[in-house]
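Step one of this worksheet: look at the structure below.
Remember, predicted model here, so these are calculated numbers, not experimental data.
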Amino acid sequence: MLPRVEYSVTVPVRVDAAFQAFQDLERLLHRGIYDEAAWIEGVPWQVGSRLRYVIAQPVRATVSAVVTSISPPRAISLLNHALGVTAEQNVSFGPDLKGGTRVRMTMDFVGKPSELSENAVHEAVIFIVKDALDTLAVLCRRRASSASG
């Protein structure tokens, strides 16, 4: 059983702007990490809609995800399946006491990896979770500086 992965960032925009930026899948692409991040069923960001991520780095994997809940602009939950593992992903958005928004992501795992060791999958998930929120932080900083300048 893989342990939980948690990561958070603070971004210099309001909660609703951070929530919208998170939904911009384009931020994940064109960097050699994801080959694809696309909606394959349903209306994007609605409960029951399905998403496919094709990951090139740090390990090759295709992740099938379904939105299990969404509470704009505070939370999004997805169920992800890849490499023999199911992961519940929860992303929360809340005001940070120092300004901006704190975005927190957790991934809880069920199952045993079928293609890689548990350690390899765990390290890959840590990388992907950090990348997802770090790219969000970059996008939010870019949007905040273009809004103020």
Check your understanding: Going through the checks in order, is the side-chain contact (heavy atoms from CB on, under 4.5 Å) test met by I70 and F19?
Key -> CA-CA 11 Å; I70 185 162; F19 188 84; 3.8 Å; yes
Check your understanding: If we ignore angles and hydrogens, is there a donor and acceptor under 3.5 Å between the side chains of T135 and R27?
Key -> yes
Check your understanding: Rounded to the nearest 0.5 Å, how far does CG of L78 lie from CZ of R50?
Key -> 11.0 Å
Check your understanding: So, for P58 and I128, which heavy atoms are closest and what is the spacing to 0.1 Å?
Key -> CD-CD1, 4.0 Å
For residues 82-91, please give each side-chain donor-acceptor pair under 3.5 Å, one per line with the distance, not counting sequence neighbours.
| from | atom 1 | to | atom 2 | distance (Å) |
| --- | --- | --- | --- | --- |
| T86 | OG1 | H81 | ND1 | 2.9 |
| Q89 | OE1 | N80 | ND2 | 3.0 |
| N90 | OD1 | S77 | OG | 2.5 |

Check your understanding: Any sub-3.5 Å donor-acceptor pair from S71's side-chain atoms to R74's backbone N or O?
Key -> no
Practice item. Give a yes or no on this: more than 12 heavy atoms of other residues, nucleotides or ligands lie within 6.0 Å of atom CZ of R143. Key: yes
Point to revise | Interatomic spacing from CD in Q46 to CH2 in W39 - rounded to 0.5 Å | key: 9.0 Å
Point to revise | Main-chain N/O of L79 paired to T68 side chain as donor or acceptor, under 3.5 Å | key: no
Point to revise | Presence of salt bridge, R60 and D35, under 4.0 angstrom | key: yes
Review point. To the nearest 0.5 Å, how far apart are CG in L133 and CZ in R104?
Key: 11.0 Å
Point to revise | Partner residues of R31 under the side-chain hydrogen bond (donor to acceptor under 3.5 Å, both in side chains) criterion, sequence neighbours left out | key: D131
**Study point:** Minimum heavy-atom distance V11-A137, with the two atoms named
**Key:** CG1-CA, 3.6 Å
Review point. Under 4.0 Å between a Lys/Arg side-chain N and an Asp/Glu carboxylate O for K98 and D96?
Key: no
